[in-house]
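Note on naming: letters A, B, ... go to the chains in the order of the sequence lines (proteins, then strands), and numbering restarts at 1 for each one. On a predicted model such as this, the values are computed, not experimentally measured, just so you know.
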2 protein chains.
Amino acid sequence: MTTRRATITDVAALAGVSVATASKALNGRDDVRATTRQLVLDAAAQLSFQPNLLAQGLLSGQTRTVGLLTSDMVGRFGIPVLLGAENAFGAGEMAVLLCDARGDAIREQHYLRTLLSRRVDGLIVVGESTNPRPSITKDVPVPVVYAYAPSADPADVSFVPDDGGGARLAVRHLIATGRTRIAHITGPTTYKAAADRAEGVQETLEEAGLAQAGETFYGAWSQRWGRLAADMLLLNDPGIDAVFCGNDQIAAGFIEAARERGRRVPDDIAVVGYDNWEVLSEETRPTLTTIDPDLERLGHTAAQHLFAAIDGKATPGVHSMPTRLVIRDSTAPGIPDTPWQVSRGGSPP
Amino acid sequence: MTTRRATITDVAALAGVSVATASKALNGRDDVRATTRQLVLDAAAQLSFQPNLLAQGLLSGQTRTVGLLTSDMVGRFGIPVLLGAENAFGAGEMAVLLCDARGDAIREQHYLRTLLSRRVDGLIVVGESTNPRPSITKDVPVPVVYAYAPSADPADVSFVPDDGGGARLAVRHLIATGRTRIAHITGPTTYKAAADRAEGVQETLEEAGLAQAGETFYGAWSQRWGRLAADMLLLNDPGIDAVFCGNDQIAAGFIEAARERGRRVPDDIAVVGYDNWEVLSEETRPTLTTIDPDLERLGHTAAQHLFAAIDGKATPGVHSMPTRLVIRDSTAPGIPDTPWQVSRGGSPP
DNA sequence: CTACGTTACGAAAACCTTTTAGGTTATTTC
DNA sequence: GAAATAACCTAAAAGGTTTTCGTAACGTAG
């Protein structure tokens, strides 16, 4: 356990060759005789030799390591992005240095310095909301990719979920199922995601020649607000037959309150959520049709583009990542597969 | 952006001293004149010099990096542990290499190799359930600490939540509030956590001279099972006045079903959950009294012990980490602060 | 037998930093 | 005025790997 680890010098000595030859044999270079190579390989196996990546990195200037700088890992949205990214990196030979700045700019600076000290090959910055965040690209001698929260500098490489598109998907689905009086309840106005989705709702309704039922109801991202909004909405505007909620919590609250007020979901009112947070969307009654922002894929794509950027092939700009409509019972009770169906019951196992 | 990074040689040249002197000046060694030191420091600042940690690590044999090997980051429990650990490391000068083996032993081996290749100073292995997992300690020349899932080898260092203690906390609380007919609904028998909690329930009831209401109801960790079990239980055994649920999802389902059957919570039946998963425990009606396993602290402690182990001060054995009772309205409606109260409304902001 | 090309291998430099062992001044002590 | 000390600084080695270049052996053609 505390035995010194074998170096290539040890391997070379055991094989009876020079370190240069050992290196070539181990790395598959071709000016080494087959028998010699086997000798070296056997020696390496016997000593369970593993090349010191520090030494390799020192020499090559490439550490095969990227820094993953997250602003708030506590939040729900950073995790899937991070997961997708880690996934993409792990598939190659890259390793991920994880740093959680916890929303603190000072801490972020600190982590940034240590990451650069460790000579990471690139950085991926994942934010906690889709609101733009300050760019760090110019302070840094390696490529940077922003995920979820875009950089404020449009010349940087950012990947964000297509909130407008998600809203369009939701509203089109409601229209396709025959709804015409559609309301929208969402989170705080300070969230760009809320504004983007509201805009998507507006546009889609106009395209269909429909008017939105009531103005957009901005509130909190909570179940409580969903219930409250339901009470207000059902009282003031009893004719609505569908509601698109800004997230699954609001939708869960809405469904609960609607049921208590004697409205049947989906028969009287169809409900669509957002986020596909399965602990909610699969446990409401009826289960919840919702928009899946596919954050894991977003993280994966961001990581792949970081690869590309490290290889000098950057793709600047803010890239909108498509979302998926997940149809469950809150809009389409027991209807078997239908043409307009995108996917049912969440992601495959 | 692509400009070569400054080395200590550049700094020394700019300051007009040798690299040795520059190194001493930068590292606060004391055989260097104050004026010379300032000269070096200015030069370093001007070039925004940052020491190459690879070179340092190569020399010292310490990389100030630990590997964080998680078996399944998708799950809910790994994340807080990971978070607490990252937190503890970030406070020092350690960095965390994140690897998600996704429950695959092959992948775990692969990651293990690359981590060792990178010469990490230690490893923390976080599992996804409290069931023991295979030990890797003997395959590895650095200290290893297990978090959440203990190592199957009792000589290793493991940190697990005290499930039995959590159950005791819950049942004592129910008894303290005057309940006497207490039932227990929990997850699958295959989970050690479920078994440990059930055992804790048994013991605590016996100590109090009470009998458990019905046997332990094993099922799934789902809201659905909570509803189903509620229906069964309230039908067969209408006299029960409290139920301790194996997790918050079961508890949420139970509360919902109980309400529909006309039982008031907590007046007729008190409910305690487990996990303090706030998206549920703060959104049920009434809000849910529950056990918080304090996983973040568990992760933090595990990380600190890894530090100690790296310094040669290991503390072998399986360490049970205490849980917290979080009292909300499902057991104590609107009662103001009372002596037996441990904490209210979850962790402070 | 000489000239030359090919093949297989080794010596040494390079990457960047820290540390050890000396070396050069200036200052003190007798 | 010589010797001892202190203060400051430098040269060189070490850490593990890859790469470049040099060299030796061998075979082939002239």
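Looking only at side-chain heavy atoms (C-beta outward), Q50(B) and R5(B) stay at 4.5 Å or farther from each other. Between V157(B) and T137(B), the closest side-chain pair of non-hydrogen atoms is not below 4.5 Å.
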Expected string for nucleotides 16-26 of chain D under the B/S/- scheme (protein heavy atoms, under 4.0 Å, primed atoms plus P, OP1, OP2 as sugar-phosphate) is BBBB-------
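The phosphate of dC9(C) (OP1 or OP2) has a side-chain N or O of T36(A) nearer than 4.0 angstrom.
Counted by atom type alone, Q56(A) and R64(A) present one or more donor-acceptor pairs between their side chains at under 3.5 Å. In summary, the side chains of D156(A) and S151(A) do present a donor paired with an acceptor at a separation below 3.5 Å, with no hydrogens or angles considered.
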Would you sort out whether F77(A) and Y148(A) count as a ring pair (Phe, Tyr, Trp, His ring centres under 6.0 Å), showing the intermediate values?
-> CA-CA 8 Å; F77(A) 303 115; Y148(A) 201 67; 5.7 Å; yes
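Between the CZ atom of R33(B) and the P atom of dT25(C) there is a distance of 14 Å, rounded to whole Å. Distance Q62(B) CD to dT18(C) P: 15 Å, rounded to the nearest Å.
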